[in-house]
Student: 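The structure is given below, and queries will be raised subsequently.
We're numbering straight along the sequence, starting at 1.
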Amino acid sequence: MSARKRKIKKGKRKPKLNIPAPASDLEYGLSQEQVEAQIKAGNYNRASKQNFKSNIEIVRDNFLTYFNFVLFAIFVVLLIFKSYVNLLFIVVALINTTIGIVQEIRSRKQLREINFLNQSEATVLRSGKVQKVKNEEIVLNDILVLKAGDQLSVDARLLSGELKMNESQVTGESRDIKKIVDEELFSGTFVVTGSGKAIVEKVSSDTHVAKLEAEAKAAKEVKSTGMMRSLDVLIKVIGLLIIPVAGILFWNQYVRIGAPLKVSVESTAASIIGLIPSGLYLLTSIALTAATLRLAKKGVLVQDMNSIESLARVDVLCLDKTGTITDPEMKLRSVLDENGEPVSDEIESILITLVNSMGEDSNTMISLQEYYKEFSSFKSEQSKDNSDIAHSKKINNQAYKVKRILPFSSANKFSAVEVDQDNTQKTQKSLAYVIGAPEILIKDAESTFLHLTDELSNKGERVLALAKYEFEENSDEDIFAEDEAKLEGQLEILGLVCLNNPVRAEAVETFSYFANEGVAIKVISGDAVETVRAVAKEAKIQDADKAIDARSLDTEDKLKKAATKYTIFARVTPEQKRVLIEALQDDGKTVAMVGDGVNDVLALKKSDMGIAMASGVDAASQIADVVLADSDFSKMPEVLDESRQVINNIERTASLFLNKNMGILLITIFCILLGLLYPWQPIQISIVSGVMVGFPGFFLTMEKDTRKVSGKFLANVLYKAIPTAVLGLVMSIAAMELAKLFALPTDEISTIAFYVYAFSTYLMLYKACQPLTRRKEILLLCMGIMTIMSGTIFSKIFMLQILSLKSLILVVAIIAISVMLYIPLERFSMKIFNKYIDKSDR
């Protein structure tokens with residue numbers, strides 16, 4: 001890290017001093033000495049405090065929890081009663097807590113590194129040179145160089161140029177706001193069209209958006225996914241039940257049954273230990289963090305861990321053509337007249353003037369500007385006989401003085417420049433040259449240009465029309481005076497500009513993966529319908545023939561009806577993209593949107609999962625949930641697989657924990673209702689929790705499982721946990737009652753109940769291991785052997801008895817009957833939750 005960056009990071013918060021910019025700021029910006037002075041004075045865009053805990057906070061938050069307090073209280077009570085053998089549970093609790101602390105510290109370090117790498121940059125003018133700096137390196141009075149797609153992190157004032165800003169993030173106003181010289185630009189807004197320079201007037205906590213955030217902080221609602229909400233509810237319910245249930249159980253043991261005080265305390269402690277979901281939330285957090293870090297190593301930056309669940313449940317993927325299906329860089333192939341021949345030098349000069357007058361307001365314009373960087377020569381490809389013969393020709397550098405510029409916008413689908421006319425061409429009307437969508441510019445349905453456009457678009461080329469436009473100034477014809485430009489004047493088509501985006505090499509394989517995984521593809525593009533359809537067919541996207549021009553969908557109702565019917569949507573405006581996303585969501589779909597441009601921002605914000613290309617505009621990356629750092633769309637299958645794996649594994653782990661908690665709760669309640677002595681000691685519950693739940697839970701969170709995630713999280717967990725929890729209750733109560741009926745030794749009753757309950761949890765573990773793999777089979781075998789060893793070789797340690805033949809026969813009989821009972825219990829559970837569960841694994 002440079003010395004200057006270290007100063008920014010560690011700089012003390014001093015009173016801010018307004019150090020004026022130099023007089024030549026618009027051309028020169030701040031000097032390096034002035035930048036250093038602003039930093040020293042504390043006038044830099046100090047990054048907002050990150051939600052990263054200190055080591056002390058991590059230790060405190062992991063140790064000082066409600067459940068740890070309950071476990072510590074049990075530890076103290078058992079210590080007082082000298083029940084030393086039952087203190088094993090505290091070791092397990094300490095191990096869980098320590099693992100959580102170590103994992104969180106390691107994750108914090110890695111997430112900080114990811115956060116640093118993912119910082120947005122701004123373009124500033126310093127010492128006469130345009131350069132990129134991190135947002136937190138912007139200082140007061142810096143000169144920002146703005147273009148379409150840039151998002152502001154400071155408040156500024158426009159010094160030159162004209163912009164259209166989207167202020168929806170700050171004001172909620174979806175309409176683009178025109179900004180002219182001397183008007184304010186607010187942090188949190190982004191440039192939709194235009195370019196210009198602005199001076200920074202407020203930074204850090206003084207900015208408009210920072211003040212809004214401070215006012216709303218107390219009322220801010222933290223969004224969480226269905227999974228995390230469900231876990232929160234489960235843990236709160238269990239936490240509320242523990243104390244009253246424990247109190248009633250102790251009364252049942254000590255007062256009602258008359259058991260000794262020590263036995264009553266130990267039984268109550270065992271029940272509480274069994275009810276506490278030790279490690280459940282920890283395992284969930286570890287699994288989500290591990291997935292986030294694994295994705296980061298693959299160049300996929302997840303900006304919110306909770307969004308991994310939404311990603312795993314995606315069943316519709318919406319995307320643009322450029323940069324996803326095709327390579328992001330467009331290449332100019334030819335500029336043709338109505339006969340399909342190269343245009344004249346004069347028309348080419350007009351195109352060069354138009355292109356080089358524009359800012360970098362779209363990928364198309366950037367590609368044309370790159371091509372015409374050396375505008376004294378021009379390379380084109382003759383397309384008459386589809387040959388690739390390239391030739392060069394000299395351009396007459398005819399001078400055109402540009403008066404006004406209309407930047408490209410997705411709403412208008414064209415851009416324009418107004419030029420001065422020389423005396424020989426002077427008319428009463430003003431003259432502009434326009435470039436944009438042929439469907440917008442070519443008014444004559446019989447035009448040869450329109451037929452040529454169709455022919456080229458069907459080959460997958462992107463076609464723009466170049467036109468001469470004459471209009472009356474300050475009238476309805478004046479496209480430069482209106483917010484919503486309309487071509488009402490005289491329009492003459494001069495030529496067609498043909499560009500090409502080759503389909504990505506890996507596109508066919510990528511879309512084949514999505515088709516096999518049941519993820520529907522929707523291509524939402526601003527290009528012509530023929531072009532998008534041709535490209536989609538080349539990429540072998542399913543149902544690519546189902547295409548429609550969105551201009552025909554002139555009402556929101558038509559758009560929503562078309563959302564589920566069509567695959568290809570062409571000539572779509574940013575607002576239409578948002579409506580299409582909303583319509584798919586209303587149809588019950590979980591929708592991901594992949595985008596990189598300003599026109600994608602509304603859709604990215606509305607979607608369940610916004611995925612941005614890092615090579616795109618800042619605004620898209622800032623609002624997205626996931627950023628593809630290398631802008632490689634072929635990484636999406638890996639992203640989907642990783643997210644599915646973590647959610648599937650969390651579901652199976654949660655079912656293990658919930659099975660144990662529900663089983664213990666039910667057994668405790670029935671012991672109270674039937675006036676039975678609670679059968680187990682804390683150490684026996686600890687062995688079941690560790691062998692059947694804790695260790696397998698850690699193991700299963702890292703297993704490979706990329707099946708499609710469906711159904712509601714809580715329903716999926718309850719559906720799996722309820723049958724074995726009820727079976728554990730029935731088996732345990734039956735074992736205790738039958739042991740009495742057959743006059744089995746009293747000291748063996750607890751061991752009999754232990755074995756039958758352990759089998760019910762083992763059955764749950766078996767279900768959680770589906771589909772079986774060699775690793776899972778070894779896990780099941782090891783856990784079974786450990787359970788048997790705890791009741792035989794280590795029976796004294798775990799306060800269990802070696803069973804007599806009579807008792808052993810009873811255990812085997814109960815287990816055999818329980819296997820037959822499980823099937824109707826599972827069917828009953830399925831019937832209850834059938835509407836909400838994932839049916840893919842049955």
Student: Any salt bridge between E651 and R313, counting N to O under 4.0 Å?
Tutor: yes
Student: Under a 3.5 Å threshold, yes or no: a donor from one side chain and an acceptor from the other, between N86 and Q681?
Tutor: yes
Student: Can you name the salt bridge (charged side-chain N to carboxylate O under 4.0 Å, His left out) partners of E517, sequence neighbours left out?
Tutor: R644
Student: Look at the side chain of D315 and the backbone N and O of K589, then say whether any donor-acceptor pair between them is shorter than 3.5 Å.
Tutor: no
Student: Working to the nearest 0.5 angstrom, can you tell me the gap between E309 CD and M609 CE?
Tutor: 10.0 Å
Student: Any Lys/Arg nitrogen of R652 or D705 sitting under 4.0 Å from an Asp/Glu carboxylate oxygen of the other?
Tutor: yes
Student: Are more than 12 heavy atoms from other residues, nucleotides or ligands located less than 6.0 Å from atom CZ of F670?
Tutor: no
Student: Might you point out which heavy atoms bring P277 and I235 nearest each other, and give the distance in Å?
Tutor: CG-CG1, 4.3 Å
Student: Within a radius of less than 6.0 Å around CZ of R827, do more than 12 heavy atoms belonging to other residues, nucleotides or ligands occur?
Tutor: no
Student: Take atom NZ in K236; do more than 12 heavy atoms of anything else shown fall under 6.0 Å from it?
Tutor: no
Student: Salt bridge between E826 and K720, side-chain N to carboxylate O under 4.0 Å?
Tutor: no
Student: Which word best sums up how the rings of Y757 and W680 line up, parallel for under 30°, tilted for 30 to 60°, or perpendicular for over 60°?
Tutor: tilted
Student: Does atom CZ (F81) have a neighbourhood of more than 12 heavy atoms from anything else shown, all under 6.0 Å?
Tutor: yes
Student: Parallel, tilted or perpendicular for Y254 and F250, by the 30°/60° rule?
Tutor: parallel
Student: Check this for me, if you would: do E777 and R774 make a salt bridge, where the nitrogen-to-carboxylate-oxygen distance has to be below 4.0 angstrom?
Tutor: yes
Student: For F695, does the CZ atom sit with more than 12 other heavy atoms under 6.0 Å from it, leaving out its own atoms?
Tutor: no
Student: Strictly distance-based, threshold 3.5 Å: is any side-chain N or O of N661 a donor or acceptor partner for the main-chain N or O of G274?
Tutor: yes
Student: If you draw a 6.0 Å radius around CD in Q542, do more than 12 non-hydrogen atoms from other residues or ligands fall strictly inside?
Tutor: no
